[in-house]
Structure formats: C-alpha cells, structure tokens
Asker: 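First the structure, which I've put down as structure tokens, then a few questions once you've had a look.
Order of the sequence lines fixes the chain letters, A, B, ..., with proteins taken first and strands second; residue numbering starts at 1 for each chain. Because only heavy atoms are used, hydrogens play no part in the values below, and waters and symmetry mates are left out as well, while side chains stay in.
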Protein chains: 2
Amino acid sequence: MTNLEASVIGTFGFSNEEFQSIQSFFKPLSIKKGEYFLEEGKYCRYLGFVESGILREHMYINEKEVTKWFSSTGYFATDLIGFLHGEKSRVNYQAINDVELMVLSKDNYDLLGKHVERWATLEKLFLTKCFSVLENRIVSHLSMNAEERYKAFFEFQPSLFYQVPLHQIASMLAMSPETLSRMRAK
Amino acid sequence: MTNLEASVIGTFGFSNEEFQSIQSFFKPLSIKKGEYFLEEGKYCRYLGFVESGILREHMYINEKEVTKWFSSTGYFATDLIGFLHGEKSRVNYQAINDVELMVLSKDNYDLLGKHVERWATLEKLFLTKCFSVLENRIVSHLSMNAEERYKAFFEFQPSLFYQVPLHQIASMLAMSPETLSRMRAK
DNA sequence: TGAACTTCTTGATATATGTCAAGACGAAGG
DNA sequence: CCTTCGTCTTGACATATATCAAGAAGTTCA
C-alpha cells in the first residue's frame, strides 16, 4: 500500500473503490535534494503528495527568506490558493532531501468531480483539514511564547528536527536560530 | 440592496438569479450588545453574515481570554470547522455593539447544493477565501514585528480602532495592550 | 587530504515587548 | 449627581528574544 492510499483512505475516509478511481490520475515524480517542486511566480500546475522525503515551503519577504511549512511523508504540497484558482505561486517548495511524490495535475484535479461521486464531499474535507491546520497555527501565535511553540511543534513532529536545518524550523516557528538552539539546550 | 446581497454578488460572483435563490434560506437575527451569537462547547447551528455592528471571536486558553478575530459589516461569523462538520464550537462570538445578522442554519446550508446549480463552485470560493485570510495572518506572524502588525492591521481596518476596545485588538495582534497603546502614540 | 561551506552552539550585549502600578478620563447605572 | 467600572495612557522596571561575534563540528568537493 502506498502512503497516498493509506492517507486518502485513512485520513479522508475514501472507500477502496473511491481510491482506485482516483489513483490513476496521480503520477509519480522524483525530485533530487535541492531542486524545486514549485517556484514563486510560476503557475501551480500540480498538487503533490509526499511519498517520502521532505519539501520545504518558503518565500522571500524584504529579501529575507521565510520558511512557512514542511511537507514530509503523508503531506500534500502546493500553494493551495494558486493551485485551485489557476494563479501563480507565492511560495517555493524545495526538496530538503531526495523526495518521491505522487502528483495530480490541475487538469486532472478538475476532472475528479466527474469520476468520483462523493468528490464534492471529499474535496471539502480536504480543504477544511487544511483550514484547520492554519487556524491552530494562528492560535499558537496568539497564545504561546517561543518556548511553548517549540515544545508543541517538537512533540508534533520530532523527526523533522533530525532531518531539517534547525534555522529553517526556527523561521517557521517565528524565532531566531539562536533562540531555538537555546530552548533545545534545556 | 442588503450588505449580504452586495457581498455575495460582489465578492463571490453570484449572479442575481443565484442570489435570489439563496436569499430565502437566510433569516434576520438581532443581537444586543454583550450577547452571544455562539458559545464555546455549543453546537454551531448557524452561519452568520454581519449586516451591521461587530462581533468578536474569542476563546479561553489557560484561563486567559484570546481574541481571534472581529467580524464587522460584510463578514461571515461562525466556527467554520464546527459548522461544516456539525461539531461543537471552540470559540465564542460576542456582540461588541448591537448587531444585525442574516443567518443560515446548518440544515439550510446543506440544502443549498440542491437549489443552486453552481453551489459546489461557490462554496469552494468561500472556503478558499477564508483559507487565504488565515494564510496571510500566518505570514504576518512569521515576517513582522508587533509594530508592523499594528500598522498593517490599522491600514486594513482603521474603523475598528474607534469601535472596539483596544486591548481586544491587541490580543488579536498578539501583543499587550500597553504595547499597542505605545505604537499608537507615535 | 585540505579548503571552503554550512550548521549549530554559546557568550555578551542590545532591543523589543511584557508586567506592574498609578492616574486620567469617560460611560453606565443607581 | 455621585460612584463605580472599564478603558487608555504613561512610567519604571523585568524579561524574552534578537543580534552580533566567535568557535567547534560536520559536509562537500576538488
């Protein structure tokens, strides 16, 4: 069973039949360490699902690089708004290490509604999951200090800390690399 | 023309016919200053649209009150995840002043798909707008300091600053009331 | 192997922001 | 009308976090 299958059936509650009917729309894509899956200013033609490896989502603001998210195994990767609306991406997705993806083109994505009866429901579930993740992050910024954000994220995804440069994690948590280093020291 | 009509046609691109077909599903609701439109732990039975007045979205974390958002004229109000999934609310919506709403019950919301042909498209547009707002807020926390967040939000909604207690705005921007007061002094 | 990088840590210090306390002011209510 | 309460500001001070700088390891690559 691929990770895609496990995720789509487990997390999103697709039936086996539903999964079979969408599977053929995905195709595999390999990306080498350092290469880009998506670049700022280019059209978001693909929705990626990470089978293995880690992609980093980042953008430049006032010449400073801001890490927004990491898509590791089992996560989807794209500028969702850009993808759904057929617009240019505002973010980059770069491979932290060698990455294996299953990707769905925008054209195929738009066809799913005709091939999967429950698609409207399933798509809504997907969108609301994404929404929920962001909502929780907002709350974390409203109610936690740097140390609490570090602890919460470390509990959530400890494995990332051994695979990703820590200064990038620090950026994603809105703190300096030195601060993150000091919290780890405790 | 009601604000609901203007918003749904202007922002979401409904046709007049589409608006007419959904209008009857909404009903008006008045809320007095201080009263609640939605409370933590209760089921989210309604999606509200603010015709006039301001609602404040807030929650309690470690006994501390955290203001998450303000829904002023032209905004929707509900715990979106709770509403869509038929779950209990994690937030409160309290009236800052007397508020006039147009509300859509969960039952009616679920009926819209059968009455409006483009509903799947329109609903997706609604969800992605909400998603986009959150995404921008995340980026603001990753790339701005308190003063920059204050300035950006003040430019975005200056009128709020004259209608809402400033300490609540401070909470929403993740800073202390004193800090907000000092930024304003400049 | 050695040189050039990157990453991570640590210390010293600077700065932004939070906390505490007090007072001014206006609104709400008896 | 007075009292009380909530709001906002301001000052003094505390603290969290950022910045700057240096060095130790680990990596990459010729």
Side-chain angles (χ1 to χ4, degrees), chain A residues 32-35 53-54 56 58 61-67 70 92 94-98 137 139-154 157-186, chain B residues 32-36 53-54 56 58 60-67 70 92 94-98 137 139-154 157-186:
Chain A
K32 290 283 173 204
K33 175 174 179 173
E35 291 178 353
I54 302 173
R56 177 173 68 108
H58 63 97
I61 300 180
N62 305 327
E63 275 119 67
K64 281 220 167 186
E65 186 181 285
V66 173
T67 294
F70 295 95
N92 306 284
Q94 187 180 24
I96 293 280
N97 42 28
D98 290 354
R137 276 187 84 184
V139 172
S140 81
H141 283 285
L142 299 185
S143 65
M144 295 179 181
N145 61 22
E147 182 168 8
E148 290 164 334
R149 288 200 303 282
Y150 158 70
K151 282 184 179 167
F153 188 67
F154 183 76
Q157 284 207 306
S159 62
L160 263 196
F161 287 73
Y162 306 107
Q163 301 175 273
V164 165
L166 295 177
H167 64 89
Q168 296 176 354
I169 295 182
S171 170
M172 198 206 75
L173 294 174
M175 66 184 77
S176 72
E178 293 92 339
T179 296
L180 180 62
S181 173
R182 290 186 173 104
M183 320 231 132
R184 272 160 51 80
K186 297 198 200 177
Chain B
K32 290 284 174 203
K33 176 174 178 173
E35 291 179 355
Y36 285 84
I54 303 173
R56 177 173 68 107
H58 63 97
Y60 293 91
I61 300 180
N62 304 327
E63 275 119 66
K64 281 222 167 185
E65 187 182 284
V66 173
T67 294
F70 295 96
N92 307 283
Q94 187 181 24
I96 293 279
N97 42 27
D98 290 355
R137 275 186 85 184
V139 172
S140 80
H141 283 285
L142 299 185
S143 65
M144 296 179 181
N145 61 21
E147 183 169 5
E148 291 164 334
R149 289 199 302 281
Y150 158 71
K151 283 184 178 167
F153 188 67
F154 183 77
Q157 283 205 309
S159 63
L160 262 196
F161 287 73
Y162 305 108
Q163 302 174 272
V164 165
L166 295 177
H167 63 87
Q168 296 175 355
I169 295 182
S171 171
M172 198 206 75
L173 294 174
M175 67 184 76
S176 71
E178 294 92 339
T179 296
L180 179 61
S181 173
R182 290 186 174 104
M183 321 229 131
R184 271 161 51 80
K186 299 197 201 175

Asker: Hey, are E178(A) and R182(A) close enough for a salt bridge, meaning a charged N less than 4.0 Å from a carboxylate O?
Answerer: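 Salt bridge between E178(A) and R182(A), a charged N being under 4.0 Å from a carboxylate O: no.
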Asker: Would one find a side-chain N or O of R184(A) under 4.0 angstrom from OP1 or OP2 of dC8(C)?
Answerer: no
Asker: Toward the 5' end of DNA chain D, which comes first, M175(A) or Q168(B), by nearest nucleotide?
Answerer: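 Here Q168(B) is the residue nearer the 5' end.
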Asker: I need the OH-C1' distance between Y162(A) and dG26(D), as an integer number of Å.
Answerer: 18 Å
Asker: Applying the side-chain contact (heavy atoms from CB on, under 4.5 Å) criterion to T179(B), which one of P177(B), S181(B), S176(B) satisfies it?
Answerer: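 Running side-chain contact (heavy atoms from CB on, under 4.5 Å) over P177(B), S181(B), S176(B) with T179(B) returns exactly one hit, S176(B).
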Asker: In whole Å, I'd like the distance from the OH atom of Y150(A) to the P atom of dT17(D).
Answerer: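 The distance from OH of Y150(A) to P of dT17(D) comes to 14 Å, rounded to the nearest Å.
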Asker: Nearest nucleotide by nearest heavy atom, which residue falls closer to the 5' end of DNA chain D, L180(B) or R182(A)?
Answerer: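 Its nearest nucleotide being more 5', the pick is L180(B).
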Asker: What integer distance in Å separates E147(A):CD from dT15(D):P?
Answerer: 15 Å
Asker: With under 30° as parallel and over 60° as perpendicular, where do the rings of F161(A) and F153(A) fit, or are they tilted in between?
Answerer: tilted
Asker: In this structure, how many angstroms lie between the C1' atom of dT10(D) and the NZ atom of K186(B), rounded?
Answerer: 15 Å
Asker: Starting at NZ of K32(A) and ending at P of dT28(D), how long is that distance when rounded to a whole Å?
Answerer: 14 Å
Asker: Could you give the NE2-to-C1' distance, from H141(A) to dA16(D), as a whole number of Å?
Answerer: 16 Å
Asker: Heavy atoms from C-beta onward define the side chain here; which of dA18(D), dC8(C), dC8(D) lies closest to that of L166(B)?
Answerer: dC8(D)
Asker: Please pick, from dT9(D), dT10(C), dG18(C), the nucleotide with the shortest atom-to-atom distance to any side-chain atom of S181(A).
Answerer: dT10(C)
Asker: Out of dA12(C), dC8(D), dC8(C), which has the shortest distance to the side chain of H167(B)?
Answerer: dC8(D)
Asker: Roughly, in whole Å, what's the span from CG in L142(B) to P in dT17(D)?
Answerer: 15 Å
Asker: Report yes if a side-chain nitrogen or oxygen of T179(B) is closer than 4.0 Å to either non-bridging phosphate oxygen (OP1 or OP2) of dG18(C); otherwise report no.
Answerer: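 So the side chain of T179(B) is within the cut-off, an N or O lying under 4.0 Å from OP1 or OP2 of dG18(C).
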Asker: Taking CG in N62(B) as the centre, count heavy atoms belonging to other residues, nucleotides or ligands within less than 6.0 Å. Is the count above 12?
Answerer: no
Asker: Answer whether the closest heavy-atom distance between the side chains of R137(B) and H141(A) falls below 4.5 Å.
Answerer: no
Asker: Rounded to whole angstrom units, what separation is found between the CE atom of M144(A) and the C1' atom of dA16(D)?
Answerer: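 Spelled out: CE on M144(A) to C1' on dA16(D) is 17 Å.
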Asker: Report yes or no: is there a donor-acceptor pair, N or O only, under 3.5 Å between the side chain of E178(B) and the base of dC8(D)?
Answerer: no
Asker: Of the nucleotides dT28(D), dT10(C), dT17(C), which one has an atom closest to the side chain of K33(A)?
Answerer: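 Closest nucleotide to the K33(A) side chain: dT28(D).
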